[in-house]
Amino acid sequence: MPYNFTEIDKKWQSYWSEKGTFKADHSSDKPKYYVLDMFPYPSGAGLHVGHPLGYIASDIYTRYKRNKGFNVLHPMGYDAFGLPAEQYAIQTGQHPAVTTNENIKRYREQLDKIGFSFDWSREVLTCDPKYYKWTQWAFTQMFEHYYDEAQDKAMPISKLVEHFSEKGSAGIQAHGNEPMEFSAEQWQSFDEAKRDQILQNYRMAYLDDVPVNWCPALGTVLANDEVKDGLSERGGHPVEQKVMRQWCLRVSAYAKRLLEGLEKLDWSDSIKEVQKNWIGRSEGAQVSFQVKEGDLSFDIFTTRPDTIFGVTFMVLAPESDYVAQVTTPQQKEAVEQYLQACKKKSQKEREMDVKTVSGVFTGAYCIHPFTKKEIPIWIGDYVLGGYGTGAIMAVPAHDSRDHAFAKQFELPIIPVVQGEGTDRVQEESYDAKSGKMINSDFLDGKKVKEAIKTMIYKIEEMKLGTKQVNYRLRDAIFSRQRYWGEPFPVYYKDGRPQMLELNELPLELPEVDKYLPTETGEPPLGRAKNWKTKEDLPFELSTMPGFAGSSAYYLRYMDPHNEEALVSKEANEYWRNVDLYVGGTEHATGHLIYSRFWNKFLYDLGHVCEDEPFKKLLNQGMIQGRSNFVYRLKEDKNKYVSLGLKDKYETQELHVDVNIVSNDILDRDAFRSWRPEFKDAEFICEEKEGKEIYICGSAVEKMSKSKFNVVNPDIIADKYGADTLRCYEMFLGPVEQSKPWNTNGIEGVYRFLVKFWNLYHDGDQLKISEEAPSAEELKVLHTVIKKATQDIESFSFNTTVSALMIATNELSKLKCNKREILEPLAIILSPYAPHTAEELWSLLGHKESISIAPWPEFNEKYLIESNFNYPVSFNGKMRFLLELPIDMGKEEIEKAVLSHEDSQKWIEGKTIKKVIIVPKKIVNIVVG
RNA sequence: GCCGCAGUGGUGAAAUUGGUAGACACGCUAGACUUAGGAUCUAGUGCCUUUGGCGUGGGGGUUCAAGUCCCUCCUGCGGCACCA
């Protein structure tokens, strides 16, 4: 039988789907393992070769784990809400659901062709009302809970109300937007609206007027992680700042737990680092400064309390509430002017001219808590309103930004740390946290780190302030003024938001006549006819953002058809959380933070049993496109010159479809029939080995339709078979690495599969011997068992392919066709090339799928050799190899080495200083 | 500016984690078979001034031994960015 991959692929793909081979069930005695891929957004361009890279890796691991006896959950679905389908709807009027379903169909066909072992019975679509019912439900729960800092978990809002009516705000340790103070009597006297307003300050999902990233081109707000360099991540449209009333999620309440949780996770250092930066913990002190006139005081946050004796001025953010309270009548006009100028600057401009220093004096002074000197209070836009307290103490000697400000406005610079370069503090600040304190009273002579500790202690002792930890992580803005997203389960009664009950969910997305905002500027949902509650109350018109649907989808896969709960207790307690999560790094500050937050929230409420959703994270690299070019003559637009000769002509570079180029050699006939305008193309070719060929230029670029460098995996699967595609994508290099796609080596991988196939065949006949294998054959087998097992366990899938290639070559040299060797070998191949392996397995006479065959046991005894080559070195230089029995003792080795004739010339006339024997490695002799 | 990661043949990359650098594959060279080869097989292929020497971005260090550990510089990629 020849290796007919087309038939084999088709045969086994339909076998798996008919038999439901990969269906997972939580009533199983086997240990569980959950392998998850980041589900794709089904875009119109279809799947390209970059997508399956991660899917292949996770599928290999899944299949391996099944062979290892695990009950593996490996589901797939679609992140189906999103902007592109909506943009398309705006242009064409076609309902986004229609576009989305078409794209999903195409994705499914492409995915099926690669032979993944997904359990499709668990498929989820985020745009399916049965699914988003639970997204909406989670939102209502967030509305009904607040974050209790004393217990460090989310608690029902009713507990807070109880506390307020009994004790007022006293003793409340709840995470809120701003501190509030009222008594129990006051609370009881407040009306509904006032109470609502107070509770919004604490709810996990709350309404607030917040400065948002408004994208006019998309007509919606965007979260911080959806904005890159002042442009929208999707579409690259300009983004501006605007204050709007929005739903927000109190992600910041979980900052500490999100940061600490990272420690337990088996994620790459780089992605942990990105999340750490994004959460941005900084430790320091909050210190209160007394304003000179009146009894006003204000708080600042600093990470350098040790430098407090170096403070020469204070700076308030322009947005700070203190500005108005502090400014003296004389300075009022100047300050007003400055604030106006700041307002005009957009966020982008403010980011752009970081270098220009601007500010204004308030006219007010405060009193230094230790020296009791007067310190001027300034306003400067380098201080941010949203971080810390919106006010700082400026130490120009030891902070470069304060230094620039001091230089600009000729304020004094007092050094308080002595270190290398501190003699130049008038010209340049010394920011390093090392050196000894000077000019600092009781801190003098202490090292910086010690001084920080001492100072915080002193500050707390003198009741000037407290030790404080600040986080950069902000709350997530959760409203989008868009159509194609989850509707909020919210309606308004007298302008106050009300949640729908679980039995009223899902609140389905209504039909609209157009997907644009209304004439009055309301979101598209404002166009929905009669979209009101039974009591005729209006629903919220914005929809949820893209990350809403992807925040808990891994939980839904555990129990996708449950209509009573997001996930049943039994299913959740069996599957628990994701053991291996595979996806790109681009979600580090978005999805991967939000779903950790979402999961922790559900954990606090007792709906899930694990605190972290994804135990191990594997980040696959991006596959870039490799574009090819042809060079068209400028004077004759029908002639194309080969790369090597193009310098002799005036040419124009044109992208050419990479699918008609092989190893940079153009298929000229295919080019002529590619597009009508090339039908009569002529070529100026190069000669190689007496053959006329046309060589194309190349470049690495992002894969995109317009560059004709998109390679669809199904094309490769058609040409070489799914198994060659799978092995080749792995063979390309480590999964984590980004690399350009090229098919240069694919022939080699294909040849390997043919050779592997031929191991089992003699000509066209299957030929398997029942003879016992030789020691040599067993050694080849066990080498590959060891290597493959280690590699897969450590996710280095590329080297397993190499190991299989070596084994195949050696076995074919040995003409080995023993069942005892070839059966286990097929199992080792099966995660990589499942179709080929299944076919061979059934040819070997097995009735059951290879996917449940036990992974071959490794036995060290077949690898142990009787002799070992000891490299012998003199003074570190390797001089010869000496073959000795492996079980020889240290003294015997030393004796054998020194008595060896080659040793004599190195030892002659010298004294032996040292003999070092590294077991099973090397013998070193130091002579001198 | 700060933080993190990486740098190995013509190419993609290996290296048992401190122990014979370049496995495996592509490409290239030569040969065999063939009417033919973009098929298959065999051999060779890090570099050089080749009885030897040099080689893992540059320089220095630790060690009997360094691609691997330490210091420093250079280059590339990613993240954060007036976060006090």
Novice: Does A:Asn809 make a side-chain N or O approach to OP1 or OP2 of B:rA25 shorter than 4.0 Å?
Specialist: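 For A:Asn809, the contact criterion (side-chain N or O under 4.0 Å from OP1 or OP2 of B:rA25) is met.
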
Novice: From the options B:rA13, B:rA23, B:rA25, select the nucleotide whose nearest atom is closest to the side chain of A:Pro734.
Specialist: B:rA13

Novice: Can you measure A:Arg751 atom CZ to B:rU40 atom C1' for me and round it to whole angstrom units?
Specialist: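 Taking atom C1' of B:rU40 as the reference, CZ of A:Arg751 is at 9 Å.
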
Novice: Would you indicate, yes or no, if B:rC24 has its OP1 or OP2 atom less than 4.0 angstrom from a side-chain nitrogen or oxygen of A:Thr799?
Specialist: no

Novice: From B:rA13, B:rA84, B:rA23, pick the nucleotide closest to the side chain of A:Phe301?
Specialist: B:rA84

Novice: Please determine, for the side chain of A:Asp399, which listed nucleotide (B:rA84, B:rC24, B:rC3) has the closest atom?
Specialist: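 Out of B:rA84, B:rC24, B:rC3, the nucleotide with an atom closest to A:Asp399's side chain is B:rA84.
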
Novice: With a non-hydrogen cut-off below 4.0 angstrom, is A:Arg474 in contact with a base, only sugar-phosphate, or nothing?
Specialist: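 Touches a base.
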
Novice: For A:Trp278 and for A:Arg281, locate the closest nucleotide of RNA chain B by heavy-atom distance; then report the residue assigned to the nucleotide nearer the 5' terminus.
Specialist: A:Trp278

Novice: Does a side-chain N or O of A:Tyr382 approach OP1 or OP2 of B:rA84 to a distance below 4.0 Å, or not?
Specialist: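 It does not, given that no N or O in the side chain of A:Tyr382 lies less than 4.0 Å from OP1 or OP2 of B:rA84.
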
Novice: Taking the six-membered ring for Trp, are A:Trp757 and A:His761 parallel (under 30°), tilted (30 to 60°) or perpendicular (over 60°)?
Specialist: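 A:Trp757 and A:His761: parallel rings.
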
Novice: How many Å lie between NZ on A:Lys467 and C1' on B:rA84, as a whole number?
Specialist: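 From A:Lys467 NZ to B:rA84 C1': 18 Å.
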
Novice: Using the purine O4'-C1'-N9-C4 or pyrimidine O4'-C1'-N1-C2 torsion, is B:rG9 syn (within 90° of 0) or anti?
Specialist: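 Nucleotide B:rG9 adopts syn.
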
Novice: Please lay out, stage by stage, how A:Phe731 and A:Phe752 fare under the test ring pair (Phe, Tyr, Trp, His ring centres under 6.0 Å).
Specialist: CA-CA 12 Å; A:Phe731 189 67; A:Phe752 150 67; 8.7 Å; no

Novice: With a non-hydrogen cut-off below 4.0 angstrom, is A:Leu732 in contact with a base, only sugar-phosphate, or nothing?
Specialist: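 Contact class for A:Leu732: sugar-phosphate only.
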
Novice: Is the base of B:rU17 syn or anti, if syn means a glycosidic angle within 90° of 0?
Specialist: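 For B:rU17, whose glycosidic angle is within 90° of 0, the conformation is syn.
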
Novice: Without decimals, in angstroms, what is the distance between A:Leu753 CG and B:rA25 C1'?
Specialist: 13 Å

Novice: Would you mind telling me which of B:rC26, B:rG4, B:rA84 lies closest to the side-chain atoms of A:Leu384?
Specialist: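 Nearest to the side chain of A:Leu384 among the choices is B:rA84.
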
Novice: Name the closest nucleotide to the A:Asp381 side chain, picking from B:rA23, B:rC82, B:rG4.
Specialist: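 So the side chain of A:Asp381 is nearest to B:rC82.
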
Novice: Which of the following nucleotides, B:rA13, B:rC80, B:rC24, is nearest to the side chain of A:Asn277?
Specialist: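 Nearest to the side chain of A:Asn277 among the choices is B:rC80.
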
Novice: Counting side-chain heavy atoms from C-beta on, which of B:rC24, B:rC80, B:rA84 comes nearest to A:Met805?
Specialist: B:rC24

Novice: Does A:Asn798 place a side-chain N or O at less than 4.0 Å from the phosphate oxygens OP1/OP2 of B:rC24?
Specialist: no

Novice: What's the CG-P distance between A:Asn619 and B:rG79, to the nearest Å?
Specialist: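 Atom CG in A:Asn619 sits about 13 Å away from atom P in B:rG79.
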
Novice: Tell me: CG of A:Asp791 to C1' of B:rU17, nearest whole Å?
Specialist: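 Distance, rounded to whole Å: 14 Å.
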
Novice: A:Ser270 side chain: which of B:rG4, B:rA84, B:rA13 is closest?
Specialist: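 When the side chain of A:Ser270 is considered, B:rG4 is the closest of B:rG4, B:rA84, B:rA13.
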
Novice: Just to confirm, is there a sub-4.0 Å distance from OP1 or OP2 of B:rA84 to any side-chain nitrogen or oxygen of A:Arg472?
Specialist: no

Novice: In whole angstrom, what separates A:Phe731's CZ from B:rG27's C1'?
Specialist: 13 Å

Novice: Tell me which nucleotide, if any, is Watson-Crick or G-U wobble paired with B:rA66 when both distances must be under 3.5 Å.
Specialist: none

Novice: Run the ring-centre check on A:Tyr750 versus A:Tyr728 and record whether the distance is less than 6.0 Å.
Specialist: no

Novice: Which whole-number value in Å describes the distance from A:Glu736 CD to B:rC77 C1'?
Specialist: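 Nearest whole value for this atom pair: 16 Å.
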
Novice: Starting from the 5' end of RNA chain B, give me the residue, A:Val801 or A:Lys739, whose nearest nucleotide shows up first.
Specialist: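 With A:Val801 and A:Lys739 compared, the 5'-side residue is A:Lys739.
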
Novice: Between A:Gln737 and B:rA13, is there a contact of a side-chain N or O with OP1 or OP2 at under 4.0 Å?
Specialist: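 Yes, within the criterion.
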
Novice: In whole angstrom, what separates A:Tyr387's OH from B:rA84's C1'?
Specialist: 7 Å

